[in-house]
Amino acid sequence: MRIHVNDPLDKLAMEKLKASGYEVTEGHLEKEELIKEMPNINVLVVRSATKVTADVIEAGTDLKIIARAGTGLDNVDVEKAKEKGIKVINTPGANGISVAELAIGLMIACARHIARGTIDLKEGKWTKKELKGHELYKRTAGIIGFGNIGKEVAKRLLAFDMKVLAYDPFVKETDLNVEIVELERIFKESDIITIHVPLNEQTKHLINKEAFDAMKDGVIIINAARGGVVDEKALYDALVSGKVYAAGLDVFEVEPPTDELRKKLLELPNVVVTPHIGASTVEAQLRVGQIIVNKILEEIKN
Ligand code: NAD
């Protein structure tokens, strides 16, 4: 049994995996190299960087398990794996608190111009008069996708005394003081919209020009889910026109965001960005690492 870890895992998790007695290899192989190596791999461990596409899976003639250390499975061709009888495992919920905390950080950064204030001061500019922001208190937040992360975000927004709405076609009720509503109401009533859905055919470009048109003027948009959920050209236009007050983005449809559109987006003063670090905390990676290793070892036993 050979387990290959293609994206970095937490150190303790690696130690536990190595102590299992199975052959464990680690190190990032780019697609072509990975495809060549696949016939010798029984368990492939990835985070979000490795794209486990149909051709990678096809090449895994002895592949038994694809282990995704994290939540989103949009980098794994789950259908192909199913077709080939390969088990796909992940760690739902294990990094939810970290992502929720980052989303809250991006919200406050957007509402209070924290990033711009930092850049200006470092450049020796005292822009106090230009950086009047907004409180979150008593304003309305709309959460799109009310799963693990969406709920953690809601709990924190309630502590700010915000009115919280949530849209999720698979959630009809909640014990939290959150109103479950249709998407139209999220767009119509929210001062801040935060996105926590998986990327799939239904959610790709869910936030497009039409959606922006339906939103309140001066809305704040937070995306710590997946870049593809937001049409970034439409977001760029809405930021330039002032329809959107500010956007906080941890994820991009192209990562790293180095193409022309993304470069233009990043240049806007009302965009606060982080390089897909929602789950990048010591605590989340420890949790994710432990859970995925336990699941792998259990799965091998079965
Ligand atoms: P989850 O599965 O617990 O929750 C996702 C929710 O979205 C579910 O309740 C689901 O019913 C809902 N949903 C599905 N389709 C929808 C739609 N069309 N409209 C509205 N809601 C819809 O997952 P989670 O742990 O909350 O994570 C959510 C997403 O966050 C992941 O899929 C992943 O893409 C992203 N994520 C990002 C980072 C990061 O580093 N920024 C880290 C972890 C997860």
Side-chain angles (χ1 to χ4, degrees), residues 7-8 10 46-51 68-76 78 88-107 141-157 164-176 178-187 190 193-208 210-211 214 221-231 247-253 255-257 272-289 291-292:
D7 297 324
D10 170 72
V46 301
R47 280 171 62 193
S48 58
T50 304
K51 309 294 171 224
R68 157 73 167 108
T71 310
L73 286 170
D74 47 291
N75 59 324
V76 178
V78 179
V88 178
I89 54 179
N90 65 342
T91 60
N95 52 23
I97 289 175
S98 289
V99 182
E101 288 181 356
L102 184 76
I104 300 286
L106 289 172
M107 262 175 228
I143 300 175
I144 301 180
F146 203 51
N148 281 306
I149 300 172
K151 286 182 185 129
E152 293 298 339
V153 169
K155 285 185 213 162
R156 286 152 181 82
L157 295 178
V164 183
L165 310 176
Y167 165 70
D168 188 316
F170 305 101
V171 177
K172 298 291 166 232
E173 53 186 13
T174 172
D175 292 341
L176 295 170
V178 171
E179 203 180 334
I180 307 292
V181 298
E182 289 305 317
L183 193 55
E184 289 70 35
R185 272 194 64 196
I186 297 273
F187 292 158
S190 303
I193 292 177
T194 184
I195 302 157
H196 302 289
V197 292
L199 175 62
N200 56 36
E201 273 167 33
Q202 283 73 46
T203 61
K204 187 170 159 71
H205 288 191
L206 179 70
I207 307 302
N208 53 18
E210 260 179 22
I221 303 288
I222 305 299
N223 187 8
R226 284 292 180 268
V229 178
V230 176
D231 175 346
L249 309 173
D250 183 47
V251 287
F252 305 87
E253 197 161 5
E255 291 182 1
V272 178
V273 287
T274 45
H276 201 149
I277 54 168
S280 297
T281 62
V282 171
E283 294 78 9
Q285 287 313 311
L286 182 66
R287 232 178 273 130
V288 164
I291 295 173
I292 203 71

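Numbering starts at 1 and runs along the sequence shown. Treat the numbers as computed from the prediction; the structure is a model and nothing was measured. What you see below is based on every heavy atom in this structure, not just the backbone, and it leaves out hydrogens, waters and symmetry mates. In listed order, ligands and their atoms are each counted from 1.
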**Q** Could you grab the distance from atom CG of L165 to atom CD1 of I186, nearest 0.5 Å is fine?
**A** 5.0 Å
**Q** Among all protein heavy atoms, pick out the one at the shortest distance from atom 27 (O) of ligand 1; state its residue, atom name and that distance to 0.1 Å.
**A** I149 CD1, 3.3 Å
**Q** Under the 3.5 angstrom rule, does the side chain of T91 hit a backbone N or O of I292 as a donor-acceptor pair?
**A** no
**Q** Between R287 and I291, is there a donor-acceptor pair closer than 3.5 Å when you use the side chain of the first and the backbone of the second?
**A** no
**Q** Quick check: D74 and ligand 1, any N/O pair under 3.5 Å apart?
**A** no
**Q** Would a distance-only check, ignoring hydrogens and angles, find a side-chain to backbone donor-acceptor pair under 3.5 Å from N90 to T71?
**A** yes
**Q** Tell me which part of D250 gets within contact of ligand 1: side chain, backbone, both or neither, using heavy atoms under 4.0 Å.
**A** side chain
**Q** What protein heavy atom sits nearest atom 8 (C) of ligand 1, and how far away is it?
**A** D168 OD2, 3.3 Å
**Q** Do side-chain atoms of D168 reach the backbone of F146 as a donor and acceptor pair under 3.5 angstrom?
**A** yes
**Q** Test of understanding: given a 4.0 Å heavy-atom threshold, classify the contact between N95 and ligand 1 as side chain, backbone, both, or neither.
**A** side chain
**Q** Consider ligand 1: state whether an atom of it lies below 4.0 angstrom from any non-hydrogen atom of P92.
**A** no
**Q** Hey, does the side chain of N223 reach the backbone of L249 with a donor-acceptor pair shorter than 3.5 angstrom?
**A** no
**Q** Given A225, G150, G145, which has its nearest heavy atom closest to atom 35 (C) of ligand 1?
**A** A225
**Q** So, does G70 sit close enough to ligand 1 that a heavy atom of it is under 4.0 Å from the ligand?
**A** no
**Q** Check this for me - ligand 1, A224, N or O atoms closer than 3.5 angstrom, yes or no?
**A** yes
**Q** To check your reading of the model: name the closest protein heavy atom to atom 21 (N) of ligand 1, its residue, and the distance in Å.
**A** V197 CG1, 3.2 Å
**Q** Can you list everything that forms a salt bridge (Lys or Arg N to Asp or Glu O under 4.0 Å) with E152? Sequence neighbours excluded, please.
**A** K155, R156
**Q** Do the side chain of T203 and the main chain of N200 share a donor and acceptor less than 3.5 angstrom apart?
**A** yes
**Q** Assess the side chains of N95 and S98: does a donor N or O sit below 3.5 Å from an acceptor N or O?
**A** no
**Q** Relative to the heavy atoms of F146, which atoms of ligand 1 are at a distance of less than 4.0 Å?
**A** 9 (O)
**Q** Are side-chain N/O atoms of D7 and S48 paired as donor and acceptor at under 3.5 Å?
**A** no
**Q** Give the residue and atom name of whichever protein heavy atom lies nearest to atom 14 (C) of ligand 1, and the separation in Å to one decimal.
**A** P198 CD, 3.7 Å
**Q** Strictly by modelled atom types, are T274 and H276 linked by a side-chain donor-acceptor pair under 3.5 Å?
**A** no
**Q** So, for atom 30 (O) of ligand 1, does the protein have a heavy atom nearer than 4.0 Å?
**A** yes
**Q** Please could you name the atoms of ligand 1 that V99 approaches to less than 4.0 Å, counting only its heavy atoms?
**A** 38 (C), 42 (C), 43 (C)
**Q** May I ask you to identify, for H196, whether its side chain, its backbone, both or neither come under 4.0 Å of ligand 1 on a heavy-atom basis?
**A** backbone
**Q** For atom 40 (O) of ligand 1, find the nearest protein heavy atom and state the residue, atom name and distance (0.1 Å precision).
**A** H276 CD2, 3.1 Å
**Q** Is a side-chain donor or acceptor of D231 paired with a backbone partner of H205 at a separation under 3.5 angstrom?
**A** no
**Q** List every atom of ligand 1 that sits less than 4.0 Å from any heavy atom of G147, numbering the atoms from 1 in the order shown and giving each element.
**A** 3 (O), 4 (O), 6 (C), 9 (O), 26 (O)
**Q** At what distance is the nearest protein heavy atom to atom 18 (N) of ligand 1, and which residue and atom is it?
**A** T203 CG2, 3.4 Å
**Q** Kindly compute the distance separating CD (E255) from CD (E253), expressed to the nearest 0.5 Å.
**A** 10.0 Å
**Q** Look at atom 3 (O) of ligand 1 and say which protein heavy atom is nearest, naming residue and atom and giving the distance to 0.1 Å.
**A** N148 N, 2.9 Å
**Q** With a 4.0 Å cut-off on heavy atoms, does T71 reach ligand 1?
**A** yes
**Q** Is it the case that ligand 1 has an N or O less than 3.5 angstrom from some N or O of N200?
**A** no
**Q** Compute the shortest N/O to N/O distance between P169 and ligand 1 and return yes if it is under 3.5 Å, no if not.
**A** no
**Q** Looking only at protein heavy atoms, identify the closest one to atom 36 (N) of ligand 1 and say how far it is in Å.
**A** R226 NH1, 3.7 Å
**Q** Strictly distance-based, threshold 3.5 Å: is any side-chain N or O of Q285 a donor or acceptor partner for the main-chain N or O of A279?
**A** yes
